[in-house]
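Single-structure report; data block below.
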Amino acid sequence: MLLGQDPIQWEKDTLEKMTRLFCRAKHRRQNPCPQCRELITYARQRLDACRYGAQKPPCERCHIHCYKPIMRDRVKQVMRYAGPRMVIYYPLDALRHLVKKNAKV
Ligand SMILES: [Zn+2]
């Protein structure tokens, strides 16, 4: 396990941070709008149901693709927007994401 934190919890936190960045910029909301809150809740549920548990690979490399199509589209938009910005707002999380992405799982 990288950097000694539960990867599921970490993914939940990171996704929520990214969704908040996205919503603030795109939907002009200080707190996530209903649509973005729905995405955060949905992603948490998917992560809780993830059958890999603590061994889970990063979602973008997982071959199960457990998100339903509409949520997949939304999360992709969030990633596209917030991914590069995470380096500015949350450098440690962004770095960790890179390490994880390139690590052998
Ligand atoms: Zn929003």
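Counting convention: from 1, in listed order, for ligands and their atoms alike. Only heavy atoms go into these numbers, but all of them, side chains included; no hydrogens, no water, no symmetry mates.
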List the atom of C33, the atom of C23, and the distance in Å for their closest heavy-atom pair.
->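 Here C33 and C23 meet closest at N-SG, 3.3 Å.
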In short, L15 meets L39 closest at the heavy-atom pair CD2-O, 4.5 Å
Sequence neighbours left out, what pairs pass side chain to side chain donor-acceptor pair (under 3.5 Å) with at least one residue falling in residues 24-33?
->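 Qualifying pairs: none.
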Pairs where residues 73-92 contributes a residue and the test side chain to side chain donor-acceptor pair (under 3.5 Å) is met, not counting sequence neighbours | E38-R74, Y81-R85
Pairing of E16 and R20 as salt bridge, 4.0 angstrom limit = yes
With sequence neighbours left out, the residues meeting side chain to side chain donor-acceptor pair (under 3.5 Å) with R46 are none
Take the Zn ion (ligand 1) and tell me which protein N, O or S atoms are nearer than 2.8 Å.
->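 Those protein N, O or S atoms (cut-off: under 2.8 Å from the Zn ion (ligand 1)) are C23 SG, H27 ND1, C33 SG, C36 SG.
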